[in-house]
Every structure is written in structure tokens, then in C-alpha cells.
Number of protein chains: 4
Amino acid sequence: MPVARPRSARGVAAAVPRLTHADSRAPQVLDAAAALFCRQGYEGTPVRDIARAVGMLPGSLYCHFATKEDLLVAVYLRGVERICQTVEAAVASLTDPWERLEAACVAHLEAILRDDDYARVVVRVRPADVPPAAERLVAARDRYEALWAALVDALPQKRRGDRKAMRLMLLGALNWSQNWYRPDGTQSPRSIARQFTALLRQGMESPA
Amino acid sequence: MPVARPRSARGVAAAVPRLTHADSRAPQVLDAAAALFCRQGYEGTPVRDIARAVGMLPGSLYCHFATKEDLLVAVYLRGVERICQTVEAAVASLTDPWERLEAACVAHLEAILRDDDYARVVVRVRPADVPPAAERLVAARDRYEALWAALVDALPQKRRGDRKAMRLMLLGALNWSQNWYRPDGTQSPRSIARQFTALLRQGMESPA
Amino acid sequence: MPVARPRSARGVAAAVPRLTHADSRAPQVLDAAAALFCRQGYEGTPVRDIARAVGMLPGSLYCHFATKEDLLVAVYLRGVERICQTVEAAVASLTDPWERLEAACVAHLEAILRDDDYARVVVRVRPADVPPAAERLVAARDRYEALWAALVDALPQKRRGDRKAMRLMLLGALNWSQNWYRPDGTQSPRSIARQFTALLRQGMESPA
Amino acid sequence: MPVARPRSARGVAAAVPRLTHADSRAPQVLDAAAALFCRQGYEGTPVRDIARAVGMLPGSLYCHFATKEDLLVAVYLRGVERICQTVEAAVASLTDPWERLEAACVAHLEAILRDDDYARVVVRVRPADVPPAAERLVAARDRYEALWAALVDALPQKRRGDRKAMRLMLLGALNWSQNWYRPDGTQSPRSIARQFTALLRQGMESPA
DNA sequence: AATGAATGAGACTTCATTCAT
DNA sequence: AATGAATGAAGTCTCATTCAT
């Protein structure tokens, strides 16, 4: 039974950066959530951590997002949107199918390994971990994969094969790199992307 | 659902009606934990669920494992052990390097997609989710990957390239299939494994 | 979600964007609070619901009422005032004591079961639920009960008996009807009131 | 609600009141919940208060009841059961219909005003306050009311009238007394019950 | 080996209220 | 008069773990 708090004024100077309306901190919340979700996972991140990261109390988050789940959905959808744009931008000026594919791989890896917490969440969080939102997440992810399907379908293909299998192989290999990539290692996202693309193109048996 | 008894053989039974060590239900607990961890993840599985699956109360699990983490470690280590054996057995009778690789892929996929909850846990659970045990888990996983390194290194290679990249690509693509594989789909673990291997061997540009 | 405008007509829009006092939405807030308190109770009604019902934000309510409690008190007092007037008006033109009592019962029931959210709150909300305001609420309710005491005391009484008991019985039975009355049932507030009055007048043993 | 005793007999009480299995405190929890629900209502009672009343931590309650709601349901159902028994016992040795009715009123009032916290909850808590359990509560309450219907139907009736109305009037008046009864007043549950019954039997117009 | 009760920390969320704008 | 963000306390509930029996 929460009791009315008496109306005493609250002390403290105006030095505290009390924010104006225009300064909605929802974007900051989103950023913090993305940063934590991609590092600790969804279940592994208490809302309190997100709140602390932006200097709020846990309850204050609910001014901006109705539930923790909504927060994840917002991050995820934005992640899909961003990586779609990133990849599309990366291939926009190219015409050769293999060049386009390689550029997409580079962009994808740079995003999910280094640059874009939102995109990282898309790869890190399993939709099935958040059952009530799973459908929407999967739908979004599918949009992104459609983009890859187009890239793959554009490749010249000298031999019979399942393009779908190829897409699954490539994207799986790229995504899984989140599990082993270390930023301080010898490989860069770009170099990994190139190697994977080359392998896929020529195979190990091709002559130099 | 008794599974192969864990490593060490153990002492004799007492005369008292106490259950002998051989009757220990630890293996059942381990099975249940593997089944749940690989489906719901480590954090997503309450010990209560594991207990219920074997008809015990939560507290009773602690007769067999000191902590939930220990339980995970036990499952994980056994998972590595089993998939090592599975893959080794699959390639044992083969000599051709590519045949060996393909057989390994088939065995790996059948294990992590269908047959072996322990192995599935190895692919599903991130060591980083369980910080205090992470090192041991990674060490075990590395043992398994060494096996793949050997398989890959044995391949004849006509062109320069990073064999490590190839291993990471292949294994990543295989493991990631846990995220999209559906048992009721048109593809079987075996057919996926074959496609991936062929792609890696010949690339998309090779002529038929 | 504009609510029926309260009694007074409203002047024309001023040139100045500031609203005049006549424009105050306090009455609408009061109406919404009455509607919600009588349906969901005091504790069961978040201020947010009240705000939403009048198209405001929760904080904006505090321009009109210092606390949620004040809001309840305002509703409650007005409820007492209104049901007093309603009942008084209903008996004003009658002189026969039993006719007056019956008319009062009809008016009371129509108010608390159907017509008057404010009056309903008086019956629904327990003063003890709002300790700091309890005294004022009870005092108001007592004013209303005094009215009933007068109606009952005016009855001719052939036998000894406790008029207070009679009042408590009748009013209790009427008020409790909030717990079982269904608007779509076969009984109307009026028919219930008549039956209760008749029973009280003649008892079950009286001959027809 | 005694729980099955576990195998071993129990030693003497230790100084520390550590309880044995046989001492399940579920009944104490239920008692405490009944005591608090009937005084503060369901929503007005935090589980923490119930826990403190039995010297537990809030979380510990969930060993015995899955949710706060389940706790209420358990209290409520038991309340119905008890007041049914109380009233049935009170009328068992009587044959005269009016004597039986009066005895029932006395028993009912003594229970809901003084003796039986469980029964008080049945009168105090509105099923509609607990939507997911409302149906079960109403069903239980209906069982009790059926008992009253039988008592009322057994009355000799000299004039036409709605027995249902009579039951609703009487029970409503009795139940509402929870809102005004004060244990330190001049009236006892018994005296109230007698007055109400007499009024209902003879009405105010009957001669002495 | 297993039980059943209890713990204590921490999870997400709600809510009346405040306040600069 | 109203907004929108934030507060801080409190709410119900979960969960790994402990321990006497």
C-alpha cells in the first residue's frame, strides 16, 4: 500500500543536468540496452543494469518501454533495420555479383563484430528465448535474410547446387564468428570476410 | 533412461538397504540436465525443472552435484567427450581426407541436431555465460576443435589459404545450423553436411 | 475521450490561449474518478486510468487534486450530497410514512445500482480503506444515514422494536444488493425496493 | 490441513524452534492470511505482512502456495466450508423453520463478526477483485447460499412473495453488518440476528 | 540418497507523486 | 493547465542453495 509521499520540495542545486522534454533519453536507453544485450544476452541483463548505464532508476525505464521485452524488440528491430542499410549501402555501388557478396560479408562482419551493438543483438539473441515476441523477431530477421538470398541468387553458378544451402552456410559461418572472434587477434572482420568468400567461390580444390 | 555410467568405477555396496552407488540416479540427473540445457539454455533452465524431470525435489539434486554450474560442466565435458568419440568413430574406417571430412560433418550434425543432447549443449551454451567455469569449458571445446584441425590439415590443398579459416568457416556453419534446422524440414543432417562439404571442396565456380 | 460536460454551459473560447476557470476539467476528472472508483474500487484504480479516461497524463491530475485521496474524498462527498438530494426529492411530495420509505428505497437503489456513479462510490468504498480520510468520509455517510433515521422514525410502530435495527437492516440489505444485482436480470431497482419494503412492513407471516 | 507425516518419529524439541517436516506451517500461513485478508482486504494485504505474521520471509510462502491468489482461494474455500458447517450444526437439532432460520442467523453473524476469520473473508472479499479466481469463489459462495435458500424455502408463508427476495434481503443485511458492527458496542451478533429475524417474520406493522 | 521447508538475494513491474518546462 | 520524464518505494514472484531429518 504505497502511501502518499509528503510534498516536501527536494533539495539540491540546479547543477544537476535535469533534462528538458526535448532531451528524451529513450535513445540512450535503447543504446544501453543494445550494448548490454549484445554482451550479456537478454536473460543475462537485468533491467537495473540498463538503468544504471543511463543513470536512471529501474522503474524509470518504464516511461519509455512498457516491458523489458519491448525494449528487446525495439533494439532487435532497429538492429535489423541498421544492418540491412549497412549491407545495402556496402553493395550499392558495385555490380559484380561476387564483389557484391564479398562487400556484404565485410559489412556484415564489421557490424556484428565491432561496430553496431544493435546488429550484434540480432545475431546474439535467439528469438525463441523471448517467446511472446519470437514471431516478430523472426519476421524481422527473415527480412534481412531475404537480402542475402538476393545476393546469392545473383551469383553465376557453373554447377548444380542449392543456393539456399550456400546462403545458410555463409551466413551461419559469419554469424558464428561472434563466438570466436577476438578484437585483438590477428584477423580483422574484413580479412575473415574475404577468406570466407573466397573459399565459397573457389573451394579448396581450385588451383591458384 | 539410463545412460552410460560416468567415468570412474566405484566401490562396493553396503549390506544396509541403502541404495548402492551403482543405483545412483546421478546419470539420470545428467541426462535430464542435458535435455533441458540444450533446449532452454543454461540460464533458461531452473534446477527445479531438472529435478522434476527425474522425479526429485530440487534440493535432492545437491546430493549429486554441488552446484548448478557443476552440473553444466559435467554435461558439457561429457558432451565434448561423446562428440569426439562419435566423430572419431565415423572417420575411423576411412582414409580419403575429403571422405573423412564429410563423414565428420555428418556425424557432427547428426549429433548436435538430433541424437545427442550432451553434444547439443556444447554447441548451445556459451562458456562465457558461466564465468567461473568458462575456462574449463573452453579447454574442452578446444580439444574437440583440435580434432577438426587435424581433419582439415590432412586435406590436399592446391592453393594457398588459411586452413584455420576453413575450419572456422565449416564448423561455424555446421554449428549455426542449430538456429535454423527443423527436424520436420526437407533437409536431413546428412544432406546438409554433404552440401556444405561439397561447397567447401569445390566452390560455386567449379564446373560440374 | 471527452466526457459529458458538467452542468454549466461554457463561454466562448477566449482569444488568449489560457483557459478560463470555467474551462477547468476538474469536473470531468471527478466524473472519471467516480466511474472508475465505483467499478474497480479505490485501491483498484490507478490514477493513470483516471487520467487516460479524460485524455490527460497522470501528472496533470495534480493540477486539480493534491492527492488521489483528495480525489476520492471529493467524489465521496459529492456522492453523499447527491444521494441525499435524490432521496429527499423522491420523498418530498409524499406524506404517508411508508410511502415515503418505499420511495426512498427506490431512489436509493436506482442511484447506487444504475444512475449515479458518485453515489455508488459511497456504497462501494470503505472509509477504512483510506485511513487519513476515513473520518471525513464517515461523517458524510452519517449525514445520509440521519436522513434514513428520520424516515424510519416517522413510521407508525405497533410493536416494540429497535428502530435503529430496522434502519440498519434495510439499508444494509439495499447496499449489499450492489454485490448481486445484475442490470440484465429480471429485477429492477424499483421492484427490489418494493419487495424489501413490503417485507419489512408486513413480515412473512402477515396474511395477504 | 495436516500434511502426511514422514517416516521417522521425531525427537524432543530442541531449544531452537527448527521445525520438523511434520510441522508444516502451511496451516499457520493460512490462518495468518485469513486474519489479514479479513481485516485489510486482499489487495490491501502484502504477502510480506502474511509472511511476517508467521515469521517467514515473503519468498518462503511460495513453498506452500503458488501465488497470493491461490492463498486467497484456499482461505476463501475453507471459509465457505467452515461457515457451512457452522450454520448446519447450529440448525441441526431444531425443527421449527423460524427457529432454524434464527439460529442460522446467529451462527452466521457470530462467524463473520467475531469468530471465524475464514468466514469473514468470504463476506469481505469480492470475487470480482480477483478475476482469475472469481469463478471458483462465486461457485463456492453459491454453495453456501443454497443452504440459505433451503432454510428460507422451509418457512411457512401466509402471503405471496418472493422467497428469493427474502433471502437476499436477510443475507444482505447480515453481511453488511460487517461494515458497521463494533465489538465494543451494545449489540451482540446474537441480538442483531434476533432482531433481524423478528423483523422479517412479523414486520413492523404486526401487533405485539 | 532424498525430503520438504526455508532462505536471501534479486528479478520485473506498478504506482502515486514531483517538477522543470 | 498541462506535459513528459523521472523518482523511490513497494509489489509479487523466482531461484539456487542450505539443512535438519
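Residue numbers start from 1 in every chain, and the chains themselves are labelled A, B, ... in the order their sequence lines are given, proteins ahead of strands. Remember, it's a predicted structure, so these values are computed and weren't measured experimentally.
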Undergrad: Measure the distance from NZ on C/Lys68 to P on E/dT14 and round it to the nearest whole Å.
TA: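 For the pair C/Lys68 NZ and E/dT14 P, the rounded distance is 15 Å.
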Undergrad: Taking the side chain as every heavy atom from C-beta outward, state whether D/Tyr118 and D/Cys38 have any pair of such atoms under 4.5 Å apart.
TA: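 Not in contact.
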Undergrad: Within the 4.5 Å heavy-atom criterion, are D/Leu61 and D/Ile50 side-chain neighbours or not?
TA: yes
Undergrad: Looking at side-chain heavy atoms only, is the closest gap between C/Arg120 and C/Arg39 below 4.5 Å?
TA: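 A side-chain contact exists here, since the closest heavy-atom pair is under 4.5 Å.
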Undergrad: For DNA chain E, what dot-bracket results from Watson-Crick or G-U pairs at under 3.5 Å, with [ ] for crossers and | for inter-strand partners?
TA: .||||||||||||||||||||
Undergrad: What is the distance, to the nearest angstrom, from the CD atom on B/Gln40 to the C1' atom on F/dC15?
TA: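 My rounded result for the distance is 14 Å.
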Undergrad: Can you check whether C/Gln28 reaches C/Met56 side chain to side chain, under 4.5 Å on heavy atoms?
TA: no
Undergrad: Measure CZ/D/Arg48 against P/F/dG11 and give the value in whole Å, please.
TA: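 It is 4 Å, rounded to the nearest whole Å.
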Undergrad: Can you check the A/Leu61 CG to F/dG4 C1' distance for me, whole Å?
TA: 15 Å
Undergrad: Over all strands shown, is B/Val47 touching base, sugar-phosphate only, or nothing at heavy-atom distances under 4.0 angstrom?
TA: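 The answer is base, as B/Val47 lies within the cut-off (heavy atoms under 4.0 Å) of a base atom.
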Undergrad: Do C/Lys68 and C/Phe37 have side-chain heavy atoms sitting under 4.5 Å apart?
TA: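 With C-beta onward as the side chain, the pair touches.
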Undergrad: Could you grab the distance from atom CG of C/Leu36 to atom CZ of C/Arg48, nearest 0.5 Å is fine?
TA: 12.5 Å
Undergrad: Can you tell me how far CG of C/Leu137 sits from CG of C/Asp129, rounded to the nearest 0.5 angstrom?
TA: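 Those atoms lie 10.0 Å apart.
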Undergrad: Measure the distance from CG on C/Leu71 to P on E/dC15 and round it to the nearest whole Å.
TA: 16 Å
Undergrad: Just the rounded figure in Å: distance from P of E/dT14 to CZ of C/Arg52.
TA: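 Computing the C/Arg52:CZ to E/dT14:P distance gives 12 Å.
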Undergrad: Roughly how many Å is it from CD1 in B/Ile50 to C1' in F/dT17, rounded to a whole number?
TA: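 Rounded to whole Å, this separation is 13 Å.
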Undergrad: Please tell me which of D/Asp49 and C/Met56 maps to the more 5' nucleotide of DNA chain F, matching each residue to the nucleotide holding its nearest heavy atom.
TA: C/Met56
Undergrad: What is the separation between atom OH on A/Tyr62 and atom P on F/dG4, rounded to the nearest whole Å?
TA: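 Nearest whole value for this atom pair: 21 Å.
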Undergrad: Which listed nucleotide (E/dT13, F/dA2, E/dT3) is nearest to the side chain of C/Cys63?
TA: F/dA2
